[in-house]
Amino acid sequence: MNEPSAPPRPPFPLARWALIALAVGGLAGAFAYVAGYLDPQRLTPARVVDQLQTNGGLHPGYRRNHAKGVCVIGRFDSSGAAAAYSRAAVFAAGASTPLVGRFALPGGNPYAPDGGVPIRSFALRLTQPDGQQWRTGMNNMPVFPVATPQAFFEQLRATAPDPATGKPDPAKQKAFFEAHPETAAFRAWIKDRKPSASYATDSYYGLNAFYFVAADGARHAVRWRVDPDNGAAAAPLGAQDTDALAAELERRLAQGPLRWKLWATLAATGDPVDDATQVWPAQREQIDAGTVIVERAQDQASGECRDINYDPMVLPDGILASADPLLPARSAAYAESYRRRTAEEARAGGRPPQEAAR
Ligand code: HEM
């Protein structure tokens with residue numbers, strides 16, 4: 001006897017195809033939205049980095065911001081005083097943690113004159129014995145001009161060189177600052193600030209707030225800075241000083257290590273932890289967390305900092321990011337900058353294109 005044949009399968013209904021298409025299309029749309037393809041006005045890390053390139057010029061192999069700098073090697077010796085607030089191994093009493101750092105000037109131009117602007121930066125990567133790292137990028141200004149990634153982007157656009165003159169358009173800058181009163185404290189700082197003659201005599205501020213997490217899980221909002229202990233500052237640089245800072249650093253290091261005290265400021269209830277334009281009151285408790293010691297410098301084209309992305313969200317257990325919106329924006333933009341410069345390096349056959357450019 002013949003087996004009864006299976007009943008014919010009904011044709012796949014059109015409605016089901018439509019559903020699948022909708023699901024796949026929806027997913028693709030979601031990805032496109034997140035990537036910013038659907039709304040060309042949406043702020044993405046790529047747009048921020050494109051704008052940095054517009055402002056500073058395209059210099060393959062270099063960081064898209066803080067492009068001109070020098071690597072340094074040293075260590076952080078903990079005082080033990082911050083260990084009550086943070087369980088990070090770096091703060092343990094007696095801990096000495098190796099660091100790879102970088103001093104730099106702001107902007108995307110690796111040939112910028114040292115005397116052109118008064119802003120300088122100091123980035124650190126500390127590596128604990130358990131392999132966890134604390135990366136931080138600090139600037140020598142005590143307050144950041146803007147509080148949000150969007151305002152940072154608008155500021156870049158307002159200060160971009162005008163193609164006709166090669167210089168920023170003063171009218172655009174004025175309009176930006178008028179529309180952004182939160183920039184007032186920064187403007188007051190930069191107005192009278194002269195470009196220092198040494199990386200060694202500046203303080204550097206982490207600016208964004210973070211949390212220290214203690215052994216029992218208690219959290220304290222903090223900001224950190226480093227204060228120099230390297231003698232008095234020399235007369236400031238003039239606009240004609242093009243390449244003074246790296247050589248001056250080498251001269252100092254030939255005499256011995258350089259030192260900065262690392263201070264952690266504890267927030268009081270109500271102090272803003274998501275707004276880098278607002279300074280906390282001066283009477284807040286300060287913890288002397290230890291000493292940053294710089295022992296030698298290296299050329300940034302071949303030194304150990306070259307391949308470090310000083311992403312401020314790379315933190316060891318015991319330090320947490322706050323809700324400051326600048327932090328994730330920095331993290332994403334630094335990654336985009338890192339991807340671009342390392343891809344350029346790879347295309348140049350592993351040879352740093354920045355060396356070729358010299
Ligand atoms: C939304 C705001 C910001 C954006 C989009 C931004 C963007 C960038 C980018 C793209 C780089 C190059 C990264 C690399 O290729 O390694 C950079 C470097 C740097 N930024 Fe920012 N930045 C922002 C805010 C800040 C703030 C608030 C600080 C200070 C606390 C800061 C300090 C630094 C320092 C120190 C470096 C140089 C790091 C090094 O020496 O390699 N930035 N920034």
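When a residue number appears, it is its place in the shown sequence, counting from 1. In listed order, ligands and their atoms are each counted from 1.
Heavy atoms of Gly69 stay at 4.0 angstrom or farther from ligand 1.
In summary, the atoms of ligand 1 found under 4.0 Å from a heavy atom of Gly206, numbered by their order in the structure, are 30 (C). Close approach of ligand 1 to Leu326 (heavy-atom distance below 4.0 Å) involves ligand atoms 1 (C), 2 (C). Below 4.0 Å from some heavy atom of Ala123 lie the following atoms of ligand 1, by number and element: 38 (C), 39 (C), 40 (O). Listed by number with element, the atoms of ligand 1 under 4.0 angstrom from any heavy atom of Val48 are 5 (C). Counting atoms of ligand 1 from 1 in the listed order, those under 4.0 Å from a heavy atom of Met138 are 35 (C). Set against the non-hydrogen atoms of Tyr310, the atoms of ligand 1 under 4.0 Å away are 39 (C), 41 (O). The contact set between ligand 1 and Leu52, taken as ligand atoms under 4.0 Å from a residue heavy atom, comprises 10 (C).
The salt bridge (charged side-chain N to carboxylate O under 4.0 Å, His left out) check on Asp275 picks up nothing, with sequence neighbours excluded.
Here the two rings, on Phe91 and Trp134, have centers that are under 6.0 Å apart. Ring centroid separation for the pair Tyr205 and Trp224 does not come in under the 6.0 Å cut-off. In summary, the aromatic rings of Tyr204 and Phe122 are positioned with their centroids under 6.0 Å apart.
Arg135 forms no cation-pi arrangement with Tyr310, by the criterion of a distance under 6.0 Å to the ring centre and an angle within 45° of the ring axis. With a 6.0 Å cutoff to the six-membered ring centre and a 45° limit on the axis angle, Arg223 counts as a cation-pi contact of Trp280.
Protein atoms that are N, O or S and lie under 2.8 Å from atom 21 (Fe) of ligand 1 are these: Tyr334 OH.
Checked for salt-bridge contact, Arg330 and Asp311 miss the test: no charged N lies under 4.0 Å from a carboxylate O. In this structure, Asp50 does not pair ionically with Arg64, as no charged nitrogen and carboxylate oxygen lie closer than 4.0 Å.
Side chains of Gln53 and Arg340: a donor-acceptor N/O pair is present below 3.5 angstrom, by distance only.
Below 3.5 Å of separation, one finds no N or O of Asn309 facing any N or O of ligand 1.
Heavy atoms of Glu336 found under 4.0 angstrom from ligand 1: none, in either backbone or side chain.
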